[in-house]
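Step one of this worksheet: look at the structure below.
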2 protein chains.
Amino acid sequence: MRVTDVEIVRALPLFSGMQKAHFETLIAAGYVQRFPHKVALLHEGEKPNFLHVLVEGSIEFSSESRGRETTLSFLKPPGAFILAAVILDQLYLKSARTAEASMVVLIPAEAVRDVFDRDPAFARAVVAELAVRYRGIVKDLKNQRLRTSLERLANWILAHDEECGRLGSFTIPIEKRALAHLLGMRPENLSRSFAELADIGVEVRGPIIKINDRAALAELAKPDPLIDDPRI
Amino acid sequence: MRVTDVEIVRALPLFSGMQKAHFETLIAAGYVQRFPHKVALLHEGEKPNFLHVLVEGSIEFSSESRGRETTLSFLKPPGAFILAAVILDQLYLKSARTAEASMVVLIPAEAVRDVFDRDPAFARAVVAELAVRYRGIVKDLKNQRLRTSLERLANWILAHDEECGRLGSFTIPIEKRALAHLLGMRPENLSRSFAELADIGVEVRGPIIKINDRAALAELAKPDPLIDDPRI
DNA sequence: TCTGGTGCTTGATAAAAGTCAATTGAAAAG
DNA sequence: CTTTTCAATTGACTTTTATCAAGCACCAGA
(Lines give C-alpha, C1' and ligand atoms only; values in the text may rest on other atoms or scores of the structure.)
Protein backbone atom coordinates (compact mmCIF):
# COMPACT_ATOMS: atom_id res chain seq x y z
CA MET A 1 0.00 0.00 0.00
CA ARG A 2 1.31 3.45 -0.88
CA VAL A 3 2.14 5.78 1.97
CA THR A 4 -0.24 8.44 0.66
CA ASP A 5 -3.10 5.93 0.66
CA VAL A 6 -2.37 4.98 4.23
CA GLU A 7 -2.39 8.66 5.14
CA ILE A 8 -5.77 9.17 3.52
CA VAL A 9 -7.21 6.34 5.54
CA ARG A 10 -5.57 7.52 8.74
CA ALA A 11 -6.99 11.01 8.24
CA LEU A 12 -10.56 9.76 8.20
CA PRO A 13 -12.45 10.68 11.38
CA LEU A 14 -13.14 6.99 11.76
CA PHE A 15 -9.45 6.20 12.15
CA SER A 16 -7.76 9.43 13.16
CA GLY A 17 -8.28 9.12 16.93
CA MET A 18 -7.29 5.51 17.46
CA GLN A 19 -4.00 4.25 18.85
CA LYS A 20 -1.15 4.07 16.40
CA ALA A 21 -0.52 0.39 17.09
CA HIS A 22 -4.15 -0.49 16.49
CA PHE A 23 -4.27 1.46 13.28
CA GLU A 24 -1.17 -0.30 12.07
CA THR A 25 -2.73 -3.66 12.89
CA LEU A 26 -5.69 -2.79 10.72
CA ILE A 27 -3.63 -1.44 7.87
CA ALA A 28 -1.27 -4.41 7.98
CA ALA A 29 -4.19 -6.79 7.68
CA GLY A 30 -5.74 -4.77 4.87
CA TYR A 31 -4.88 -4.18 1.27
CA VAL A 32 -5.66 -1.86 -1.58
CA GLN A 33 -7.65 -2.74 -4.64
CA ARG A 34 -8.42 -0.80 -7.81
CA PHE A 35 -11.63 -1.28 -9.71
CA PRO A 36 -12.75 -0.01 -13.11
CA HIS A 37 -16.01 1.82 -13.73
CA LYS A 38 -19.32 -0.02 -13.07
CA VAL A 39 -17.86 -3.00 -11.27
CA ALA A 40 -19.94 -4.74 -8.60
CA LEU A 41 -18.10 -4.75 -5.28
CA LEU A 42 -20.76 -6.19 -3.01
CA HIS A 43 -24.09 -7.82 -3.53
CA GLU A 44 -26.97 -7.48 -1.08
CA GLY A 45 -27.58 -10.63 0.91
CA GLU A 46 -23.91 -11.56 1.19
CA LYS A 47 -21.87 -11.65 4.39
CA PRO A 48 -19.20 -8.96 4.73
CA ASN A 49 -15.58 -10.05 4.87
CA PHE A 50 -14.07 -6.59 4.72
CA LEU A 51 -14.68 -3.08 5.87
CA HIS A 52 -14.29 -0.95 2.74
CA VAL A 53 -12.68 2.45 2.67
CA LEU A 54 -13.05 4.48 -0.49
CA VAL A 55 -9.88 6.42 -1.23
CA GLU A 56 -10.49 7.46 -4.81
CA GLY A 57 -13.40 7.37 -7.26
CA SER A 58 -17.00 6.94 -6.18
CA ILE A 59 -19.43 4.21 -5.21
CA GLU A 60 -23.13 3.76 -5.89
CA PHE A 61 -25.31 1.87 -3.43
CA SER A 62 -28.45 0.26 -4.72
CA SER A 63 -31.00 -2.33 -3.86
CA GLU A 64 -33.29 -4.56 -5.81
CA SER A 65 -36.50 -6.42 -5.13
CA ARG A 66 -39.19 -8.01 -7.33
CA GLY A 67 -37.39 -6.83 -10.44
CA ARG A 68 -37.35 -3.18 -9.40
CA GLU A 69 -34.15 -1.39 -8.56
CA THR A 70 -33.37 1.81 -6.71
CA THR A 71 -30.25 3.77 -5.89
CA LEU A 72 -29.98 4.58 -2.20
CA SER A 73 -26.88 6.75 -2.15
CA PHE A 74 -23.51 7.66 -3.60
CA LEU A 75 -20.28 7.84 -1.66
CA LYS A 76 -17.39 10.18 -2.42
CA PRO A 77 -13.90 9.72 -0.98
CA PRO A 78 -12.72 9.56 1.59
CA GLY A 79 -15.25 7.42 3.42
CA ALA A 80 -15.80 4.00 4.89
CA PHE A 81 -18.72 1.84 3.87
CA ILE A 82 -20.71 -1.19 5.03
CA LEU A 83 -19.71 -0.43 8.59
CA ALA A 84 -23.00 -1.55 10.17
CA ALA A 85 -22.95 -4.96 8.50
CA VAL A 86 -19.31 -5.47 9.48
CA ILE A 87 -19.90 -4.51 13.10
CA LEU A 88 -22.94 -6.76 13.46
CA ASP A 89 -21.49 -9.44 11.17
CA GLN A 90 -24.73 -9.55 9.25
CA LEU A 91 -25.82 -9.61 5.63
CA TYR A 92 -25.47 -6.60 3.37
CA LEU A 93 -28.73 -4.77 2.78
CA LYS A 94 -27.41 -2.92 -0.26
CA SER A 95 -25.30 -3.68 -3.27
CA ALA A 96 -22.32 -1.52 -4.10
CA ARG A 97 -20.72 -0.83 -7.46
CA THR A 98 -18.15 1.64 -8.65
CA ALA A 99 -19.63 4.77 -10.22
CA GLU A 100 -16.21 5.54 -11.68
CA ALA A 101 -12.79 3.92 -11.58
CA SER A 102 -12.06 3.65 -7.88
CA MET A 103 -9.51 2.70 -5.30
CA VAL A 104 -10.67 0.93 -2.17
CA VAL A 105 -8.85 -0.16 0.96
CA LEU A 106 -10.13 -3.46 2.30
CA ILE A 107 -9.75 -4.24 5.98
CA PRO A 108 -10.75 -7.69 7.25
CA ALA A 109 -14.02 -7.50 9.18
CA GLU A 110 -12.62 -9.71 11.91
CA ALA A 111 -9.76 -7.28 12.51
CA VAL A 112 -12.16 -4.34 12.67
CA ARG A 113 -14.35 -6.03 15.28
CA ASP A 114 -11.25 -7.01 17.19
CA VAL A 115 -9.74 -3.56 17.39
CA PHE A 116 -13.17 -2.11 18.01
CA ASP A 117 -13.29 -4.09 21.27
CA ARG A 118 -9.88 -2.89 22.38
CA ASP A 119 -9.69 0.74 21.28
CA PRO A 120 -12.18 3.11 22.94
CA ALA A 121 -11.32 5.98 20.61
CA PHE A 122 -12.09 3.80 17.61
CA ALA A 123 -15.33 2.67 19.23
CA ARG A 124 -16.33 6.29 19.72
CA ALA A 125 -15.52 7.07 16.12
CA VAL A 126 -17.59 4.12 14.95
CA VAL A 127 -20.51 5.37 17.02
CA ALA A 128 -20.22 8.86 15.56
CA GLU A 129 -20.03 7.47 12.03
CA LEU A 130 -23.08 5.23 12.54
CA ALA A 131 -25.05 8.00 14.20
CA VAL A 132 -24.36 10.34 11.30
CA ARG A 133 -25.32 7.71 8.74
CA TYR A 134 -28.43 6.84 10.67
CA ARG A 135 -29.54 10.44 10.60
CA GLY A 136 -28.71 10.61 6.93
CA ILE A 137 -31.15 7.87 6.09
CA VAL A 138 -33.84 9.27 8.36
CA LYS A 139 -33.59 12.37 6.20
CA ASP A 140 -33.77 10.28 3.02
CA LEU A 141 -36.91 8.58 4.24
CA LYS A 142 -38.50 11.89 5.15
CA ASN A 143 -37.52 13.27 1.76
CA GLN A 144 -39.20 10.35 0.07
CA ARG A 145 -42.34 10.36 2.19
CA LEU A 146 -43.00 14.07 2.47
CA ARG A 147 -42.17 15.32 -1.01
CA THR A 148 -43.11 14.76 -4.62
CA SER A 149 -40.36 13.89 -7.08
CA LEU A 150 -40.40 17.43 -8.47
CA GLU A 151 -39.83 18.80 -4.98
CA ARG A 152 -37.04 16.32 -4.33
CA LEU A 153 -35.33 17.41 -7.52
CA ALA A 154 -35.71 21.11 -6.70
CA ASN A 155 -34.18 20.53 -3.28
CA TRP A 156 -31.40 18.42 -4.70
CA ILE A 157 -30.47 21.22 -7.08
CA LEU A 158 -30.39 23.76 -4.26
CA ALA A 159 -28.39 21.45 -1.98
CA HIS A 160 -25.91 20.55 -4.68
CA ASP A 161 -25.39 24.16 -5.64
CA GLU A 162 -24.77 24.90 -1.98
CA GLU A 163 -22.22 22.08 -1.85
CA CYS A 164 -20.47 23.52 -4.91
CA GLY A 165 -20.11 26.93 -3.30
CA ARG A 166 -23.45 28.54 -4.19
CA LEU A 167 -22.25 29.59 -7.62
CA GLY A 168 -25.69 29.35 -9.17
CA SER A 169 -24.39 26.90 -11.74
CA PHE A 170 -22.84 23.43 -11.66
CA THR A 171 -22.36 20.24 -13.63
CA ILE A 172 -24.35 17.18 -12.57
CA PRO A 173 -21.69 14.80 -11.26
CA ILE A 174 -23.46 11.64 -12.42
CA GLU A 175 -25.53 10.45 -15.34
CA LYS A 176 -29.06 11.79 -15.35
CA ARG A 177 -30.49 8.29 -15.17
CA ALA A 178 -28.44 7.70 -12.01
CA LEU A 179 -29.68 10.96 -10.55
CA ALA A 180 -33.24 9.89 -11.29
CA HIS A 181 -32.76 6.62 -9.45
CA LEU A 182 -31.12 8.41 -6.55
CA LEU A 183 -34.12 10.71 -6.26
CA GLY A 184 -36.50 7.78 -6.37
CA MET A 185 -37.94 8.45 -9.82
CA ARG A 186 -37.68 7.21 -13.40
CA PRO A 187 -35.39 8.89 -15.94
CA GLU A 188 -38.43 9.91 -18.03
CA ASN A 189 -39.88 11.77 -15.07
CA LEU A 190 -36.59 13.48 -14.35
CA SER A 191 -36.63 14.91 -17.89
CA ARG A 192 -40.19 16.12 -17.44
CA SER A 193 -39.33 17.61 -14.06
CA PHE A 194 -36.41 19.53 -15.56
CA ALA A 195 -38.79 20.83 -18.22
CA GLU A 196 -41.16 22.04 -15.50
CA LEU A 197 -38.35 23.76 -13.62
CA ALA A 198 -37.43 25.65 -16.77
CA ASP A 199 -40.56 27.74 -16.16
CA ILE A 200 -39.04 29.08 -12.95
CA GLY A 201 -35.63 29.82 -14.35
CA VAL A 202 -33.72 26.57 -14.03
CA GLU A 203 -31.70 26.22 -17.21
CA VAL A 204 -30.51 22.75 -18.17
CA ARG A 205 -27.97 22.30 -20.97
CA GLY A 206 -26.80 18.73 -21.06
CA PRO A 207 -25.22 18.10 -17.70
CA ILE A 208 -24.98 21.78 -16.77
CA ILE A 209 -27.58 23.33 -14.52
CA LYS A 210 -27.98 27.05 -14.04
CA ILE A 211 -30.20 28.64 -11.43
CA ASN A 212 -31.49 31.94 -12.74
CA ASP A 213 -34.04 32.64 -10.03
CA ARG A 214 -32.99 31.15 -6.74
CA ALA A 215 -35.92 32.65 -4.85
CA ALA A 216 -38.45 31.04 -7.17
CA LEU A 217 -36.70 27.70 -6.95
CA ALA A 218 -36.56 27.89 -3.16
CA GLU A 219 -40.23 28.87 -3.09
CA LEU A 220 -41.07 25.65 -4.91
CA ALA A 221 -38.55 23.47 -3.06
CA LYS A 222 -39.26 24.84 0.40
CA PRO A 223 -35.99 23.41 1.73
CA ASP A 224 -36.13 22.09 5.28
CA PRO A 225 -32.91 21.95 7.30
CA LEU A 226 -34.13 18.80 9.04
CA ILE A 227 -34.13 17.08 5.66
CA ASP A 228 -31.60 18.93 3.55
CA ASP A 229 -28.86 20.29 5.76
CA PRO A 230 -25.99 17.78 5.70
CA ARG A 231 -24.41 19.31 8.79
CA ILE A 232 -27.43 18.74 10.99
CA MET B 1 -37.90 5.24 40.76
CA ARG B 2 -39.39 1.82 41.48
CA VAL B 3 -37.01 -1.10 41.73
CA THR B 4 -38.83 -2.96 38.98
CA ASP B 5 -38.46 -0.01 36.61
CA VAL B 6 -34.75 0.13 37.28
CA GLU B 7 -34.55 -3.58 36.56
CA ILE B 8 -36.35 -3.17 33.25
CA VAL B 9 -33.86 -0.51 32.20
CA ARG B 10 -30.90 -2.53 33.42
CA ALA B 11 -32.10 -5.56 31.46
CA LEU B 12 -31.99 -3.68 28.14
CA PRO B 13 -29.10 -4.78 25.93
CA LEU B 14 -28.06 -1.15 25.86
CA PHE B 15 -27.42 -1.13 29.61
CA SER B 16 -26.97 -4.76 30.64
CA GLY B 17 -23.25 -5.05 29.97
CA MET B 18 -22.01 -1.84 31.54
CA GLN B 19 -20.30 -1.46 34.87
CA LYS B 20 -22.59 -1.39 37.88
CA ALA B 21 -21.19 1.93 39.10
CA HIS B 22 -21.73 3.58 35.73
CA PHE B 23 -25.26 2.27 35.47
CA GLU B 24 -26.02 3.62 38.91
CA THR B 25 -24.64 7.00 37.92
CA LEU B 26 -27.03 7.10 34.99
CA ILE B 27 -30.01 5.92 36.97
CA ALA B 28 -29.28 8.32 39.81
CA ALA B 29 -29.23 11.21 37.36
CA GLY B 30 -32.41 10.04 35.66
CA TYR B 31 -36.03 9.97 36.65
CA VAL B 32 -39.29 8.37 35.64
CA GLN B 33 -42.17 10.14 34.05
CA ARG B 34 -45.67 8.97 33.15
CA PHE B 35 -47.56 10.36 30.20
CA PRO B 36 -51.17 9.95 29.10
CA HIS B 37 -52.21 8.91 25.61
CA LYS B 38 -51.32 11.19 22.67
CA VAL B 39 -48.94 13.47 24.49
CA ALA B 40 -46.07 15.07 22.60
CA LEU B 41 -42.75 14.15 24.20
CA LEU B 42 -40.34 15.63 21.68
CA HIS B 43 -40.63 17.93 18.75
CA GLU B 44 -38.38 17.69 15.69
CA GLY B 45 -35.85 20.49 15.54
CA GLU B 46 -35.28 20.65 19.29
CA LYS B 47 -32.06 19.78 21.09
CA PRO B 48 -32.15 16.62 23.20
CA ASN B 49 -31.72 16.98 26.94
CA PHE B 50 -32.46 13.38 27.82
CA LEU B 51 -32.02 9.89 26.52
CA HIS B 52 -35.47 8.33 26.73
CA VAL B 53 -36.13 4.75 27.73
CA LEU B 54 -39.63 3.43 27.19
CA VAL B 55 -40.60 1.10 30.01
CA GLU B 56 -44.34 0.84 29.46
CA GLY B 57 -46.83 1.89 26.77
CA SER B 58 -45.77 2.81 23.24
CA ILE B 59 -44.41 5.74 21.27
CA GLU B 60 -45.10 6.98 17.79
CA PHE B 61 -42.39 8.76 15.82
CA SER B 62 -43.45 11.15 13.12
CA SER B 63 -42.20 13.97 11.01
CA GLU B 64 -43.75 16.91 9.30
CA SER B 65 -42.84 19.18 6.44
CA ARG B 66 -44.76 21.62 4.21
CA GLY B 67 -47.99 20.70 5.98
CA ARG B 68 -47.66 16.97 5.29
CA GLU B 69 -47.08 14.50 8.06
CA THR B 70 -45.84 10.94 8.13
CA THR B 71 -45.31 8.31 10.79
CA LEU B 72 -41.85 6.82 10.67
CA SER B 73 -42.10 4.12 13.32
CA PHE B 74 -43.58 2.86 16.55
CA LEU B 75 -41.61 1.74 19.58
CA LYS B 76 -42.73 -0.92 22.04
CA PRO B 77 -41.11 -1.38 25.46
CA PRO B 78 -38.51 -1.94 26.49
CA GLY B 79 -36.42 0.30 24.27
CA ALA B 80 -34.34 3.43 24.23
CA PHE B 81 -35.00 6.25 21.81
CA ILE B 82 -33.37 9.34 20.32
CA LEU B 83 -29.98 7.78 20.96
CA ALA B 84 -28.33 9.19 17.82
CA ALA B 85 -29.35 12.78 18.58
CA VAL B 86 -28.15 12.42 22.18
CA ILE B 87 -24.80 10.96 21.20
CA LEU B 88 -24.12 13.63 18.60
CA ASP B 89 -25.81 16.37 20.63
CA GLN B 90 -27.77 17.41 17.59
CA LEU B 91 -31.34 18.33 16.78
CA TYR B 92 -34.14 15.76 16.73
CA LEU B 93 -35.13 14.70 13.25
CA LYS B 94 -38.43 13.21 14.41
CA SER B 95 -41.19 14.10 16.79
CA ALA B 96 -42.33 11.60 19.40
CA ARG B 97 -45.71 11.25 21.05
CA THR B 98 -47.26 8.58 23.21
CA ALA B 99 -49.43 6.11 21.30
CA GLU B 100 -50.90 4.98 24.61
CA ALA B 101 -50.40 5.88 28.26
CA SER B 102 -46.69 5.36 28.79
CA MET B 103 -43.90 5.33 31.30
CA VAL B 104 -40.55 6.71 30.27
CA VAL B 105 -37.21 6.87 32.04
CA LEU B 106 -35.31 10.05 31.29
CA ILE B 107 -31.54 10.07 31.55
CA PRO B 108 -29.68 13.37 31.11
CA ALA B 109 -27.93 13.45 27.74
CA GLU B 110 -24.79 14.85 29.33
CA ALA B 111 -24.56 11.87 31.68
CA VAL B 112 -25.02 9.45 28.78
CA ARG B 113 -22.21 11.01 26.74
CA ASP B 114 -20.05 11.05 29.86
CA VAL B 115 -20.47 7.39 30.70
CA PHE B 116 -20.23 6.53 27.04
CA ASP B 117 -16.67 7.89 27.04
CA ARG B 118 -15.67 5.89 30.10
CA ASP B 119 -17.42 2.54 29.74
CA PRO B 120 -16.31 0.43 26.77
CA ALA B 121 -19.11 -2.10 27.27
CA PHE B 122 -21.67 0.68 27.09
CA ALA B 123 -19.97 2.08 24.00
CA ARG B 124 -20.20 -1.33 22.35
CA ALA B 125 -23.87 -1.57 23.24
CA VAL B 126 -24.52 1.87 21.80
CA VAL B 127 -22.83 0.82 18.58
CA ALA B 128 -24.89 -2.35 18.36
CA GLU B 129 -28.09 -0.40 19.00
CA LEU B 130 -27.25 2.23 16.39
CA ALA B 131 -26.22 -0.37 13.83
CA VAL B 132 -29.50 -2.25 14.29
CA ARG B 133 -31.54 0.95 13.98
CA TYR B 134 -29.55 2.00 10.94
CA ARG B 135 -30.34 -1.24 9.23
CA GLY B 136 -33.96 -0.91 10.24
CA ILE B 137 -34.34 2.36 8.40
CA VAL B 138 -32.46 1.11 5.37
CA LYS B 139 -35.16 -1.54 5.18
CA ASP B 140 -37.89 1.07 5.60
CA LEU B 141 -36.46 3.10 2.75
CA LYS B 142 -36.24 0.03 0.52
CA ASN B 143 -39.80 -0.87 1.47
CA GLN B 144 -40.95 2.58 0.45
CA ARG B 145 -38.98 2.76 -2.77
CA LEU B 146 -39.42 -0.74 -4.13
CA ARG B 147 -43.04 -1.48 -3.29
CA THR B 148 -46.50 -0.09 -3.90
CA SER B 149 -48.68 0.69 -0.89
CA LEU B 150 -50.71 -2.49 -1.47
CA GLU B 151 -47.54 -4.55 -1.38
CA ARG B 152 -46.35 -2.82 1.77
CA LEU B 153 -49.64 -3.60 3.45
CA ALA B 154 -49.54 -7.24 2.35
CA ASN B 155 -46.04 -7.60 3.73
CA TRP B 156 -46.94 -5.82 6.94
CA ILE B 157 -49.80 -8.29 7.50
CA LEU B 158 -47.49 -11.26 6.93
CA ALA B 159 -44.77 -9.82 9.16
CA HIS B 160 -47.17 -8.92 11.93
CA ASP B 161 -48.79 -12.34 11.84
CA GLU B 162 -45.31 -13.83 12.10
CA GLU B 163 -44.59 -11.62 15.10
CA CYS B 164 -47.82 -12.78 16.75
CA GLY B 165 -46.85 -16.42 16.38
CA ARG B 166 -48.13 -17.20 12.88
CA LEU B 167 -51.67 -17.82 14.08
CA GLY B 168 -53.25 -16.65 10.85
CA SER B 169 -55.25 -14.06 12.73
CA PHE B 170 -54.47 -11.03 14.87
CA THR B 171 -55.77 -7.69 16.05
CA ILE B 172 -54.22 -4.55 14.59
CA PRO B 173 -52.41 -2.97 17.54
CA ILE B 174 -53.01 0.62 16.46
CA GLU B 175 -55.71 2.69 14.81
CA LYS B 176 -56.06 2.07 11.11
CA ARG B 177 -55.27 5.69 10.33
CA ALA B 178 -52.01 5.29 12.26
CA LEU B 179 -51.23 2.10 10.36
CA ALA B 180 -51.87 3.94 7.10
CA HIS B 181 -49.42 6.68 8.04
CA LEU B 182 -46.85 4.10 9.15
CA LEU B 183 -47.10 2.40 5.77
CA GLY B 184 -46.73 5.72 3.97
CA MET B 185 -50.28 5.95 2.64
CA ARG B 186 -53.58 7.75 3.33
CA PRO B 187 -56.29 6.16 5.46
CA GLU B 188 -58.62 6.12 2.44
CA ASN B 189 -56.12 4.06 0.49
CA LEU B 190 -55.66 1.66 3.36
CA SER B 191 -59.39 0.95 3.29
CA ARG B 192 -59.28 0.38 -0.44
CA SER B 193 -56.22 -1.84 -0.09
CA PHE B 194 -57.96 -3.97 2.53
CA ALA B 195 -60.89 -4.29 0.14
CA GLU B 196 -58.51 -5.51 -2.59
CA LEU B 197 -56.91 -8.03 -0.27
CA ALA B 198 -60.35 -9.47 0.50
CA ASP B 199 -60.23 -11.00 -2.99
CA ILE B 200 -57.30 -13.16 -1.96
CA GLY B 201 -58.70 -14.29 1.36
CA VAL B 202 -57.72 -11.56 3.79
CA GLU B 203 -60.71 -11.03 6.05
CA VAL B 204 -60.95 -7.73 7.92
CA ARG B 205 -63.55 -7.27 10.66
CA GLY B 206 -62.93 -4.02 12.46
CA PRO B 207 -59.44 -4.33 13.92
CA ILE B 208 -59.24 -8.12 13.42
CA ILE B 209 -57.40 -9.51 10.43
CA LYS B 210 -57.64 -13.11 9.33
CA ILE B 211 -55.45 -14.70 6.69
CA ASN B 212 -57.42 -17.40 4.92
CA ASP B 213 -54.95 -18.09 2.12
CA ARG B 214 -51.41 -17.44 3.21
CA ALA B 215 -49.93 -18.68 -0.06
CA ALA B 216 -51.98 -16.23 -2.10
CA LEU B 217 -51.07 -13.37 0.21
CA ALA B 218 -47.38 -14.28 0.06
CA GLU B 219 -47.62 -14.52 -3.72
CA LEU B 220 -48.82 -10.93 -3.83
CA ALA B 221 -46.50 -9.66 -1.09
CA LYS B 222 -43.37 -11.47 -2.27
CA PRO B 223 -41.72 -10.96 1.13
CA ASP B 224 -37.98 -10.30 1.01
CA PRO B 225 -35.86 -11.13 4.06
CA LEU B 226 -33.60 -8.17 3.32
CA ILE B 227 -36.61 -5.90 3.85
CA ASP B 228 -38.97 -7.78 6.13
CA ASP B 229 -36.96 -10.02 8.42
CA PRO B 230 -36.46 -8.13 11.70
CA ARG B 231 -33.67 -10.47 12.77
CA ILE B 232 -31.49 -9.73 9.77
C1' DT C 1 -18.49 11.10 -43.70
C1' DC C 2 -21.40 7.61 -42.34
C1' DT C 3 -23.13 4.40 -38.88
C1' DG C 4 -24.44 2.38 -34.66
C1' DG C 5 -24.86 2.93 -30.00
C1' DT C 6 -26.27 5.15 -25.99
C1' DG C 7 -28.42 8.37 -23.13
C1' DC C 8 -31.86 11.68 -23.09
C1' DT C 9 -36.29 13.55 -24.33
C1' DT C 10 -41.14 13.56 -25.74
C1' DG C 11 -45.75 11.74 -26.28
C1' DA C 12 -49.60 8.73 -25.22
C1' DT C 13 -51.52 5.97 -21.90
C1' DA C 14 -52.13 3.43 -17.61
C1' DA C 15 -51.54 2.66 -12.83
C1' DA C 16 -50.92 4.35 -8.22
C1' DA C 17 -51.84 7.52 -4.83
C1' DG C 18 -53.90 11.72 -3.02
C1' DT C 19 -57.96 14.81 -2.24
C1' DC C 20 -62.55 16.18 -1.24
C1' DA C 21 -67.02 15.05 0.11
C1' DA C 22 -70.59 12.21 1.72
C1' DT C 23 -72.06 8.16 4.24
C1' DT C 24 -71.80 4.41 7.42
C1' DG C 25 -71.34 2.32 11.75
C1' DA C 26 -70.06 1.55 16.25
C1' DA C 27 -68.96 3.24 20.67
C1' DA C 28 -69.45 6.97 24.12
C1' DA C 29 -72.24 10.42 26.23
C1' DG C 30 -76.47 12.28 27.50
C1' DC D 1 -82.84 4.57 24.41
C1' DT D 2 -81.44 8.27 21.75
C1' DT D 3 -77.99 11.38 20.37
C1' DT D 4 -73.41 12.62 19.50
C1' DT D 5 -68.96 11.76 17.95
C1' DC D 6 -65.41 10.08 15.30
C1' DA D 7 -62.96 6.60 12.91
C1' DA D 8 -63.66 4.05 8.84
C1' DT D 9 -65.43 3.45 4.42
C1' DT D 10 -67.05 4.58 -0.23
C1' DG D 11 -67.42 7.32 -4.42
C1' DA D 12 -65.94 10.76 -7.72
C1' DC D 13 -62.22 13.10 -9.26
C1' DT D 14 -57.26 15.00 -9.63
C1' DT D 15 -52.46 14.66 -9.34
C1' DT D 16 -48.46 12.09 -9.42
C1' DT D 17 -45.80 8.57 -11.18
C1' DA D 18 -44.75 4.64 -14.12
C1' DT D 19 -44.76 2.32 -18.52
C1' DC D 20 -44.26 1.74 -23.35
C1' DA D 21 -42.90 3.47 -27.65
C1' DA D 22 -40.87 6.56 -30.68
C1' DG D 23 -37.70 10.18 -31.81
C1' DC D 24 -33.56 12.99 -31.15
C1' DA D 25 -28.72 14.27 -30.20
C1' DC D 26 -24.26 13.33 -29.58
C1' DC D 27 -20.13 10.67 -29.60
C1' DA D 28 -16.98 6.71 -31.09
C1' DG D 29 -15.35 3.91 -34.35
C1' DA D 30 -15.38 2.17 -39.18
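By convention in this document, chain letters (A, B, ...) are assigned in the order of the sequence lines, proteins followed by strands, and residues within each chain are numbered from 1. Keep in mind that what you see is a predicted model, and the values were worked out from it rather than measured.
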Could you check how far [atom1] of [X] sits from [atom2] of [N], rounded to whole Å?
X        : N      : atom1 : atom2 : answer
A:His181 : D:dT19 : NE2   : C1'   : 13 Å
A:Ile208 : C:dC8  : CD1   : P     : 14 Å
B:Arg68  : D:dT15 : CZ    : P     : 14 Å
A:Arg66  : D:dA18 : CZ    : P     : 15 Å
A:Leu220 : D:dT16 : CG    : C1'   : 14 Å
B:Met185 : D:dT15 : CE    : C1'   : 17 Å
A:Arg186 : C:dG7  : CZ    : C1'   : 16 Å
B:Glu196 : D:dT10 : CD    : C1'   : 14 Å

Between [X] and [Y], does any side-chain N to carboxylate O distance fall below 4.0 Å?
X        : Y        : answer
B:Glu64  : A:Lys142 : no
A:Arg152 : A:Asp140 : no
A:Asp161 : A:Arg214 : yes
B:Arg97  : B:Glu69  : yes

Main chain of [Y], side chain of [X]: is a donor-acceptor contact present, judged purely on distance under 3.5 Å?
X        : Y        : result
A:Asn189 : A:Met185 : no
B:Arg34  : B:Met103 : no
A:Arg133 : A:Ala84  : no

Considering only nitrogen or oxygen atoms on both sides, find all protein atoms under 3.5 Å from nucleotides 22-29 of chain D and state each distance.
none

Practice task
Assert yes or no for the condition that the ring centre distance of B:Phe50 to B:Phe81 is strictly below 6.0 Å.
Solution key: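 Ring-ring flag for B:Phe50/B:Phe81: false, centres at least 6.0 Å apart.
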Problem - Near-strand residues of residues 146-155 of chain B, defined as heavy-atom separation under 4.0 angstrom from DNA chain D - result: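 Within residues 146-155 of chain B, no residue comes under 4.0 Å of DNA chain D.
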Practice task
Report yes if a donor N or O on one partner sits less than 3.5 Å from an acceptor N or O on the other, where the partners are the side chain of A:Arg192 and the base of C:dG11; otherwise report no.
Solution key: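 Present.
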Practice task
Consider only side-chain N and O atoms of B:Ser63 and B:Lys94, and report whether a donor and an acceptor are under 3.5 Å apart.
Solution key: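 No, because no side-chain N or O of B:Ser63 sits under 3.5 Å from a partner of the opposite role on B:Lys94.
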Tabulate atom names and distances for all N/O pairs under 3.5 angstrom spanning the protein and nucleotides 6-9 of chain D.
residue: D:dA8; atom: OP1; partner: B:Lys176; partner atom: N; Å: 2.9
residue: D:dA8; atom: OP2; partner: B:Arg177; partner atom: N; Å: 3.1
residue: D:dT9; atom: OP1; partner: B:Lys176; partner atom: NZ; Å: 2.8
residue: D:dT9; atom: OP2; partner: B:Ser191; partner atom: OG; Å: 2.6
residue: D:dT9; atom: O5'; partner: B:Ser191; partner atom: OG; Å: 3.1

Exercise for the section: Please state whether the phosphate of D:dT17, meaning OP1 or OP2, lies under 4.0 angstrom from any side-chain nitrogen or oxygen of A:Asn189. Expected result: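 For D:dT17, neither OP1 nor OP2 has a side-chain N or O of A:Asn189 closer than 4.0 Å.
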Handout entry: Evaluation steps, side-chain contact (heavy atoms from CB on, under 4.5 Å), between B:Ile87 and A:Val127
Key = CA-CA 8 Å; B:Ile87 289 293; A:Val127 165; 3.5 Å; yes
Exercise for the section: Would you give the length of the straight line joining atom CG of B:Leu41 to atom CD of B:Glu60, rounded to the nearest 0.5 angstrom? Expected result: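 Taking CG in B:Leu41 and CD in B:Glu60, the distance rounds to 11.0 Å.
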